[in-house]
**Q** 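One structure, pasted below without further comment.
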Protein chains: 2
Amino acid sequence: MFKDLDPLLHSQLRLAVMSLLISTEEADFVFIREKTASTAGNLSVQIEKLHEAGYISVKKSFKGKMPRTTCRISPAGISAFEKYVEALSEYLQPK
Amino acid sequence: MFKDLDPLLHSQLRLAVMSLLISTEEADFVFIREKTASTAGNLSVQIEKLHEAGYISVKKSFKGKMPRTTCRISPAGISAFEKYVEALSEYLQPK
DNA sequence: AAATTTGGTTTATGTTATAAACTAGTTTAT
DNA sequence: ATAAACTAGTTTATAACATAAACCAAATTT
């Protein structure tokens, strides 16, 4: 009856990150931190989890002299997100 | 940008319980346990949390000689569920 | 009457989310 | 030039949460 919800996506912050990346394709750490209104520590941890899962890629570079972390959603991430949305909709639209 | 998700509802099992109760208005413990495919222990804990929050009412009675626990969604529960669905939809339909 | 099942609750444990503290370096003010 | 403050994060500690395992009381089955 109720499909399982991917625990990696069923987290407010990780879901917000994925939601952002789905529409922007690429976003850096600071942009995501601002849009999600999260702390850097929390965001760092959650980005690492999405990365480990293969849902996003993370690229480190420099913008001038300052470090920059850029995230991009992967095909696996897109598909996981779509699957999550479909599973969740069962819960939201009670038949 | 991203509204906060009610942490009481942002839990697979509690959300499934609420989803069931939204459509059935009243359901007993065993019915919910079967529909959600959860263990009795976990369900007991999560029902208690929804109860404490005032999202559901819990009535104890006997069906013949056997104990029965009946749950019903409250107006506060309905409104919290609706609010949750609305907040969540921001995450699911990336603009 | 012993064993099993029912309908739960309580408790213990592992997982998760989060904030606090820290690191490494840059920019700004003195 | 140096101290102070800021940027961009990471690591670590702690509190909250989800879940299963163990338990209980009573009913039913054998």
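For the numbers below, each heavy atom of this structure counts, side chains included, while hydrogens, waters and symmetry mates do not.
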**Q** State the CD1-CD distance between B:I73 and B:E26, to the nearest 0.5 angstrom.
**A** 12.5 Å
**Q** So A:E48, base contact, sugar-phosphate only, or nothing? Heavy-atom distance under 4.0 Å.
**A** nothing
**Q** Which nucleotide sits closest to the side chain of A:P67: D:dT10, D:dA8, C:dT9?
**A** D:dA8
**Q** For B:K35, does the NZ atom sit with more than 12 other heavy atoms under 6.0 Å from it, leaving out its own atoms?
**A** no
**Q** Rounded to whole angstrom units, what separation is found between the CZ atom of B:F62 and the P atom of C:dT6?
**A** 17 Å
**Q** Could you tell me the separation between the CG atom of A:D4 and the C1' atom of D:dT19, rounded to a whole number of Å?
**A** 13 Å
**Q** Any strand is fair game: report the nucleotide pairing with C:dT9 by Watson-Crick or G-U wobble, both distances under 3.5 Å, or none.
**A** D:dA22
**Q** Can you tell me the distance, in whole Å, between the CZ atom of B:R68 and the C1' atom of C:dT6?
**A** 14 Å
**Q** Starting at the 5' end of DNA chain D and moving along, which residue's nearest nucleotide shows up first, A:S44 or A:M66?
**A** A:M66
**Q** Honestly curious: do A:I78 and A:V58 fall in one hydrophobic cluster under the side-chain, below-4.5 Å linking rule?
**A** yes
**Q** Taking atom CD as the centre, does A:E86 end up with more than 12 heavy-atom neighbours from other residues, nucleotides or ligands that are less than 6.0 angstrom away?
**A** no
**Q** Hydrophobic clustering (ILVMFWY, side-chain heavy atoms < 4.5 Å, transitive) - are A:V85 and A:L50 grouped together?
**A** yes
**Q** Quick one: B:R33 CZ to C:dT9 P, roughly how many Å, whole number?
**A** 12 Å
**Q** Could you grab the distance from atom CG of B:L8 to atom CZ of B:R14, nearest 0.5 Å is fine?
**A** 5.0 Å
**Q** When you measure from the side chain of A:K65, which nucleotide among D:dA18, C:dT26, D:dT10 comes out closest?
**A** C:dT26
**Q** Roughly how many Å is it from CZ in A:F31 to P in D:dA8, rounded to a whole number?
**A** 14 Å
**Q** Can you name the atoms? Protein N/O to nucleotides 20-23 of chain D N/O, anything below 3.5 Å, with the distance.
**A**
none

**Q** I want to check one thing: is the phosphate of C:dT16, taken as OP1 and OP2, less than 4.0 Å away from some side-chain N or O of A:K49?
**A** no
**Q** Honestly curious: do A:M66 and A:F31 fall in one hydrophobic cluster under the side-chain, below-4.5 Å linking rule?
**A** no
**Q** Given atom CD of B:Q46 and atom P of D:dT19, what is their separation to the nearest angstrom?
**A** 7 Å
**Q** So A:H10 and B:H10, would you call those rings parallel, tilted or perpendicular, with 30° and 60° as cut-offs?
**A** parallel
**Q** Among residues 5-16 of chain A, which ones have heavy-atom contacts with DNA chain D below 4.0 Å?
**A** none
**Q** Kindly determine whether A:F2 and B:L20 satisfy side-chain contact (heavy atoms from CB on, under 4.5 Å), including the steps that lead there.
**A** CA-CA 10 Å; A:F2 292 102; B:L20 272 179; 3.9 Å; yes
**Q** From C:dG8, D:dG9, D:dA18, pick the nucleotide closest to the side chain of A:T69?
**A** D:dG9
**Q** Between atom CD in B:E52 and atom C1' in C:dT9, what is the gap in whole Å?
**A** 14 Å
**Q** Regarding A:K63, tell me which of base, sugar-phosphate or nothing describes its non-hydrogen contacts under 4.0 Å with the strands shown.
**A** nothing
**Q** To the nearest angstrom, how far is A:K60 atom NZ from C:dG25 atom P?
**A** 14 Å
**Q** Taking a hydrophobic cluster as the set of Ile, Leu, Val, Met, Phe, Trp and Tyr residues connected by side-chain heavy atoms closer than 4.5 Å, whether directly or through intermediates, do B:Y84 and B:L92 fall within one such cluster?
**A** yes
